[in-house]
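What follows is one structure encoded as structure tokens, with my remarks underneath.
Everything numeric here is computed off the predicted structure, so don't read it as measured data. Chain letters run A, B, ... following the sequence lines, proteins first, then strands; residues in each count from 1.
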Amino acid sequence: MINETLNRLTGEMRSFNSLIIMNITGAGLAVAMGMAFVVRNVHPMVAARTIIWPEAAMVALVVAGGVLLFRWFLTGVEMMDEYQDVREKSSGHENGAEESATELIVKNMAFYRDHRESMNGLILGSLVTGAFFLLSATSQVRYLFSVLGSGTPFEVAFILVGFSLCLVLGVAGVYISYMFRRYEATWDRRLQESREAEKRLGELLEGSS
Amino acid sequence: MKGKRTLYEIYWEILTYCRAPRTFTSIIHRCSLNSDIGQEHIGFLLGKGFLSRYEDEGSNLHRTTDKAVPYLDAFREMYLELYSRGPEFKL
């Protein structure tokens, strides 16, 4: 029974760690794409020494979004760093597996309480980014078909890579957001139940004097 | 252990750590508590008789007493139960 709980805990922690890594990868790719967009659009303006509209407005928009994306990326990195402490092996208890499992549960709860707010930010960030990239992929569909019919192989490959990246990032963003919400729901329920446990523990402490 | 913990979780942590005799400094270090808060919690557990304090070779040591066993058992059972209930998180 206790080994089953420990296995479940370990599996759950592995899943959450993978989710954080997916989140960082998604955020990193989104930041990189944003930077590539800015460089591609700023370069002609620098060469012409003039501001070109509407590219300048798009660059400003992407830079503003990029700041949020970078914050999203940093939050993910911080979360990963702190989650490594939680994942560190239990320090070994005299009562063995049961106390190791309890320690892991307490550590996970403390971690969740600490990061609940930033998790909401990650949910919103990944959802908005996912939606943005899905819209971007959708807007490229018509162009993709026109290039498929008449473009050179290089053009086709170029637009296909861009389209695929947008599609993957879009789906990943929506999926990550959905998985973070599931993680939140799982731990919110446990926190709720821990409040009931606290009441009983409080009674036990009062009765023990 | 770091992070936001409830009082009961901190008590559990101190009591499990003090199954072997520990100094005040090692307890607050291990449980990530500042000196004042650590003093408060340890004082509370001493008052309840869950911890005992004694001197050994010039060091003040704390050790969990048998009186704390029902609390530790109840805490462990409740936390394992609340974790085992309901769906688990999986990718």
Side-chain angles (χ1 to χ4, degrees), chain A residues 1-2 4-5 8-9 11-19 22 82 85-86 91 93-95 98-99 101-116 175 179 182-187 189-209, chain B residues 1-22 26-27 29-33 40-41 43-52 63-91:
Chain A
M1 176 65 190
I2 189 62
E4 197 181 299
T5 306
R8 188 174 152 158
L9 254 169
E12 215 172 270
M13 288 165 71
R14 207 181 305 121
S15 285
F16 185 63
N17 198 53
S18 305
L19 182 63
M22 276 164 64
E82 286 177 37
D85 288 344
V86 177
S91 37
H93 288 281
E94 286 175 14
N95 286 8
E98 286 198 338
E99 253 167 33
T102 313
E103 184 186 357
L104 277 178
I105 295 168
V106 173
K107 273 181 166 182
N108 273 283
M109 274 191 172
F111 175 85
Y112 180 63
R113 287 189 198 104
D114 267 353
H115 292 90
R116 207 170 164 203
Y175 178 71
M179 290 314 290
R182 268 192 53 194
Y183 182 81
E184 265 198 346
T186 307
W187 280 97
R189 184 191 55 76
R190 287 171 185 159
L191 278 191
Q192 181 60 40
E193 287 180 15
S194 81
R195 281 182 210 116
E196 285 158 28
E198 274 172 38
K199 276 185 210 158
R200 282 188 279 161
L201 287 168
E203 286 162 10
L204 195 77
L205 277 181
E206 276 171 30
S208 68
S209 50
Chain B
M1 196 185 294
K2 290 174 191 168
K4 282 181 196 159
R5 293 153 295 167
T6 64
L7 263 184
Y8 305 104
E9 288 166 357
I10 296 171
Y11 293 156
W12 174 84
E13 203 184 348
I14 295 172
L15 292 171
T16 48
Y17 184 57
C18 290
R19 283 220 161 97
R22 310 286 184 184
S26 67
I27 298 170
H29 183 255
R30 160 68 186 244
C31 301
S32 305
L33 301 168
E40 197 180 305
H41 293 333
F44 175 80
L45 293 171
L46 285 167
K48 285 278 169 196
F50 285 8
L51 274 182
S52 64
R63 188 169 194 152
T64 303
T65 65
D66 289 343
K67 205 178 169 191
V69 173
Y71 176 81
L72 290 171
D73 288 346
F75 184 95
R76 193 179 58 238
E77 276 167 27
M78 283 178 204
Y79 271 63
L80 288 175
E81 195 189 322
L82 76 88
Y83 178 80
S84 303
R85 253 186 271 145
E88 68 183 302
F89 172 75
K90 236 179 184 177
L91 278 186

Give the C-alpha distance, both sets of side-chain angles, the deciding distance and a yes or no for side-chain contact (heavy atoms from CB on, under 4.5 Å) between B:M78 and A:L201.
-> CA-CA 9 Å; B:M78 283 178 204; A:L201 287 168; 4.0 Å; yes

Tell me, out of [options], who's got the most heavy-atom pairs with chain B below 4.5 Å.
| options | answer |
| --- | --- |
| A:R8, A:R190, A:R200 | A:R8 |
| A:N108, A:L9, A:I2 | A:L9 |
| A:M13, A:M22, A:M179, A:E198 | A:E198 |

Grab the two heavy atoms, one from [X] and one from [Y], that are nearest each other, plus how far apart they are.
| X | Y | value |
| --- | --- | --- |
| B:Y8 | A:G202 | OH-CA, 3.4 Å |
| B:R76 | A:T102 | CG-OG1, 3.1 Å |
| A:L204 | B:P70 | CD2-O, 3.9 Å |
| A:S194 | B:L82 | CA-CD2, 3.7 Å |
| A:M109 | B:Y79 | SD-CE2, 3.6 Å |

Point-to-point distance, once rounded to the nearest 0.5 Å, from NZ of B:K48 to CD of A:E206 |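 Between B:K48 NZ and A:E206 CD, I get 7.0 Å after rounding to 0.5 Å.
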
Highest number of heavy-atom pairs under 4.5 Å with chain A: which of B:F44, B:Y71, B:F50?
->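 Going by pairs under 4.5 Å, I would pick B:Y71.
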
Between B:E13, B:K90, B:E77, B:E81, which shows the greatest number of heavy-atom pairs under 4.5 Å with chain A?
->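 When all of B:E13, B:K90, B:E77, B:E81 are compared, B:K90 has the most.
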
Starting from the C-alpha separation in whole Å, work towards a yes-or-no answer on side-chain contact (heavy atoms from CB on, under 4.5 Å) for A:L205 and B:Y11.
-> CA-CA 11 Å; A:L205 277 181; B:Y11 293 156; 3.8 Å; yes

Pair B:E9 + A:R113, salt bridge at N-O below 4.0 Å |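 Judged by the 4.0 Å cut-off on N to carboxylate O distance, B:E9 and A:R113 do form a salt bridge.
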
Can you say whether [X] sits under 4.5 Å from chain B via the side chain, the backbone, both, or neither, judging by heavy atoms?
| X | result |
| --- | --- |
| A:T5 | both |
| A:L19 | both |
| A:Y175 | side chain |
| A:Y183 | both |

Would you please test A:E99 and B:R19 for salt bridge (charged side-chain N to carboxylate O under 4.0 Å, His left out) and show each step?
-> CA-CA 12 Å; A:E99 253 167 33; B:R19 283 220 161 97; 2.6 Å; yes

Using the test side chain to side chain contact (heavy atoms under 4.5 Å, CB included), find all partners of A:R189 that sit at least two apart in sequence or belong to another chain.
->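 So A:R189 forms a side chain to side chain contact (heavy atoms under 4.5 Å, CB included) with A:E193, B:R85, B:P87.
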
Return the set of residues passing side chain to side chain contact (heavy atoms under 4.5 Å, CB included) with A:Q192 (not counting sequence neighbours), or none when no residue passes.
->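 Partners of A:Q192 by the side chain to side chain contact (heavy atoms under 4.5 Å, CB included) criterion, ordered by chain and then number, come out as A:R195, A:E196.
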
Does the side chain of A:L104 reach to within under 4.5 Å of the side chain of B:Y83, using non-hydrogen atoms?
->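 When only atoms from C-beta onward are counted, B:Y83 and A:L104 do not touch, as no gap falls below 4.5 Å.
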
